[in-house]
Amino acid sequence: MQALDRRHRVRVVPFQQPGAAAAYGLSVAQCRSAVWGIAPGWQRAAGAAAINLVVAVALGTRLPLWIYTIPGIQQLQDSAYAWVARNRQRLPGVTPYCEQYPDQCGGAR
């Protein structure tokens, strides 16, 4: 996301950070179930829709949101997101927030 967000429009906040979920009007359970995107004006989306929202904000264009509405694309992206979410512990990536900052994750695990 950092490579796409050249104008620094996106702020990534781990839900495990104390108070983060509540600050955005979300529950920890909602955050555990899916990634969330909250755009200016508090437009909210979860899962694949959130990915499209965040990419749209980062790029400064509504094109990803439009593509998501094309028949069949939403179902395809939602299925891909669900697969990644189910398998995220097996996929390469950054060290999880709670492993990096265990002292800040007491109640969020």
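Given the structure is predicted, the values throughout are model-derived calculations rather than measurements. All heavy atoms count here, side chains included; hydrogens, waters and symmetry mates do not.
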Margin query: Would you say V12 ends up clustered with W36 if hydrophobic residues are merged whenever their side chains have heavy atoms under 4.5 Å apart, either directly or through other cluster members?
Written below: no

Quick one: side chains of residues 44-56, donor-acceptor pairs under 3.5 Å with protein atoms, not counting sequence neighbours, listed by atom name and distance.
unit_1 : atom_1 : unit_2 : atom_2 : d
R44    : NH1    : Y24    : O      : 2.8
R44    : NH2    : G25    : O      : 3.3
N52    : ND2    : A48    : O      : 2.8
N52    : ND2    : Q77    : OE1    : 2.5

Checklist line | side chain to side chain donor-acceptor pair (under 3.5 Å) contacts touching residues 79-88 (sequence neighbours left out) | finding: N87-R90

Check: Do V13 and V10 share a hydrophobic cluster, counting only Ile, Leu, Val, Met, Phe, Trp and Tyr and linking them when any side-chain heavy atoms are less than 4.5 Å apart?
Finding: no

Check: Are L26 and F15 side-chain neighbours, meaning at least one heavy-atom pair lies under 4.5 Å?
Finding: no

Next item on the list: Kindly determine whether D78 and Y68 satisfy side-chain contact (heavy atoms from CB on, under 4.5 Å), including the steps that lead there.
Entry: CA-CA 10 Å; D78 288 346; Y68 189 63; 2.6 Å; yes

Note to self: Which residues pass the side-chain contact (heavy atoms from CB on, under 4.5 Å) test with P14, not counting sequence neighbours?
What the structure shows: Q16, Q17, Y97

Check: W66: which other cluster members, linking ILVMFWY side chains closer than 4.5 Å, directly or transitively?
Finding: L63, I67, I70, I73

